[in-house]
Number of protein chains: 2
Amino acid sequence: MEATGIHLWLVLWKACEAVRRHAERHIHSLGLGFSDFAVLEVLLHKGPTAVNTIGELVHLTSGSITAAIDRLERKSLVARCTHPSDRRARVVHLTEVGRKLIECAFADHAAAMETATSGLTAAERGEAVALLKKLGLSAQTEGVNPRRGAAGVMIET
Amino acid sequence: MEATGIHLWLVLWKACEAVRRHAERHIHSLGLGFSDFAVLEVLLHKGPTAVNTIGELVHLTSGSITAAIDRLERKSLVARCTHPSDRRARVVHLTEVGRKLIECAFADHAAAMETATSGLTAAERGEAVALLKKLGLSAQTEGVNPRRGAAGVMIET
DNA sequence: ATCAATTATCTTGACGTGGAGATAAATCCT
DNA sequence: AGGATTTATCTCCACGTCAAGATAATTGAT
């Protein structure tokens, strides 16, 4: 078995794309995009959050996060309100409809991911998680620009 | 260690993004996009290839692969010529300039990936490759069962 | 107190991507 | 052979993203 860096990268990419296809198809069936789902997930797990904080968490630039929240607000899934102490900032929170949607969607999504990763046994998943965590962390700190991962919400625990 | 499907997916995604950042930064410094690099790499390793086939290999739809090859052709890195036996098909091949560029870029890229994955030992890389291959393959073949979309429309895979 | 630098957000323009057709060529069917 | 289906590619349009610049509010320095 070859173990060059580029080989590992290609296999990693392919696996990620394959699983991502499941995730995207499922999320798309809810009328949401990938980024929009990630924003809702942050709001579900972190509660009301400032716009730019969300942007950092889901790895979107200021322009993109503005567009994303515009989309979600247009669908009445989230709402912006003023920050209590900083008049520049806007705090985003889920509406009732939005909360219902993401709670349901996230449960469905977890099930879909269970299916998507069912090719590995529980033990293998554990090994994979350990290896990927190690790889992810080292690759992240290796880079010049250390940014927080888009899925940081779940990974913390 | 948690081993739920969604946890594995998030860790996989984060690791992939971290490594991808290395790859993208390097590729972008050549004035190329990610997809364009992938197309050139296919041509380098597979030789002249039909447009459609390249699209499948790098996971681009017909519209996207046309646009990608247009870009590369505009930069004189590739050229289209007619297929010997099928007059519908166009075969894409590297120009001299394109070959020089991708050969050089690929070597650089391999080195960058070596660095990016240096957080794992050779043995760990081997394990990771084996696990990811298994995961990727199963996730890929898992995706053939159609799902119901939001509007009640069946979504083909 | 005032001016400069920083921070948070939004706007604009360009670009890559995917999806729905359109066109042309090859293949299949009878 | 003639018509229908499939295949390969391209065109057009909508959308999401980013980068850079604009605006407004906060903080820091003197």
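Letters A, B, ... are given to chains in the order of the sequence lines, protein chains preceding strands, and every chain is numbered from 1.
- The side chain of A/Thr61 sits closest to D/dA19 out of C/dC10, D/dA19, C/dA25.
- In terms of modelled atom types and a separation under 3.5 Å, the side chain of B/Ser64 and the main chain of B/Ser62 share no donor-acceptor contact.
- Here the side chain of B/Thr66 is nearest to one of C/dT9, D/dT11, D/dA25, namely D/dT11.
- B/Glu73 has its CD atom 13 Å from the C1' atom of D/dT9, to the nearest Å.
- Listed nucleotides: D/dC10, D/dC18, D/dT6. Nearest to the side chain of B/Arg88: D/dT6.
- Candidate nucleotides D/dC18, C/dT9, D/dT9 were compared by shortest atom distance to the side chain of B/Ala89, and D/dT9 ranks first.
- Side-chain atoms of B/Ser64 and base atoms of C/dG16 include no donor and acceptor less than 3.5 Å apart.
- Atom pair B/Asp86:CG and C/dT23:C1' shows a separation of 14 Å (rounding to whole Å applied).
- If you take CD1 of A/Ile69 and P of C/dC10, they are 7 Å apart, rounded to a whole angstrom.
- Taking only side-chain nitrogens and oxygens, B/Ser62 never comes nearer than 4.0 Å to OP1 or OP2 of D/dT9.
- Annotation: of the two residues near DNA chain D, A/Leu60 and A/Ser85, the 5′-most nearest-nucleotide partner is A/Leu60.
- Ranking C/dT17, D/dT17, D/dT9 by closeness to the B/Ser35 side chain, first place goes to C/dT17.
- Rounded to whole Å, the distance from CG on A/Leu32 to C1' on D/dC15 is 15 Å.
- Residue contacts shown for A/Asp70 are absent, as no nucleic acid heavy atom lies under 4.0 Å away.
- B/Ala68 comes within 4.0 angstrom of nothing in the nucleic acid, heavy atoms only.
- Rounded to an integer number of Å, the gap from B/Ile54 CD1 to D/dT7 P is 19 Å.
- Taking atom NE2 of residue A/His59 and atom C1' of nucleotide D/dA19, one finds them 15 Å apart after rounding to whole Å.
- Side chain of B/Thr95 to main chain of B/Ser76: a donor-acceptor pair is present (N/O by atom type, distance under 3.5 Å, no hydrogens or angles).
- Looking at B/His22, its side chain does come within 3.5 Å of a backbone N or O of A/Ala139 through a donor-acceptor pair.
- Using a 4.0 Å heavy-atom criterion, one finds that B/Gly63 contacts the bases of the nucleic acid, with or without backbone contacts as well.
- Between D/dT17 and A/Arg71, a contact under 4.0 Å exists linking OP1 or OP2 to a side-chain N or O.
- Under the side-chain contact (heavy atoms from CB on, under 4.5 Å) rule, A/Ile54 has a single partner from A/Val91, A/Val78, A/Ile65, A/Leu40, which is A/Ile65.
- A close approach under 4.0 Å does occur between a side-chain nitrogen or oxygen of A/Arg80 and OP1 or OP2 of C/dC10.
- Put simply, NE2 on B/His83 is 15 Å from P on D/dT7, counting in whole angstrom units.
- For the pair A/Glu73 and A/Val92, the minimum side-chain heavy-atom distance is 4.5 Å or more.
- Of the residues A/Lys46, A/Glu41, A/His45, the one that meets the side-chain contact (heavy atoms from CB on, under 4.5 Å) test with A/Leu57 is A/Lys46.
- Here the P atom of nucleotide D/dC15 and the NZ atom of A/Lys75 are 11 Å apart, to the nearest Å.
- Within 4.0 Å (heavy atoms only), B/Ile65 reaches no atom of the nucleic acid at all.
- For the pair B/Arg87 and C/dA26, the criterion of a side-chain N or O lying under 4.0 Å from OP1 or OP2 is met.
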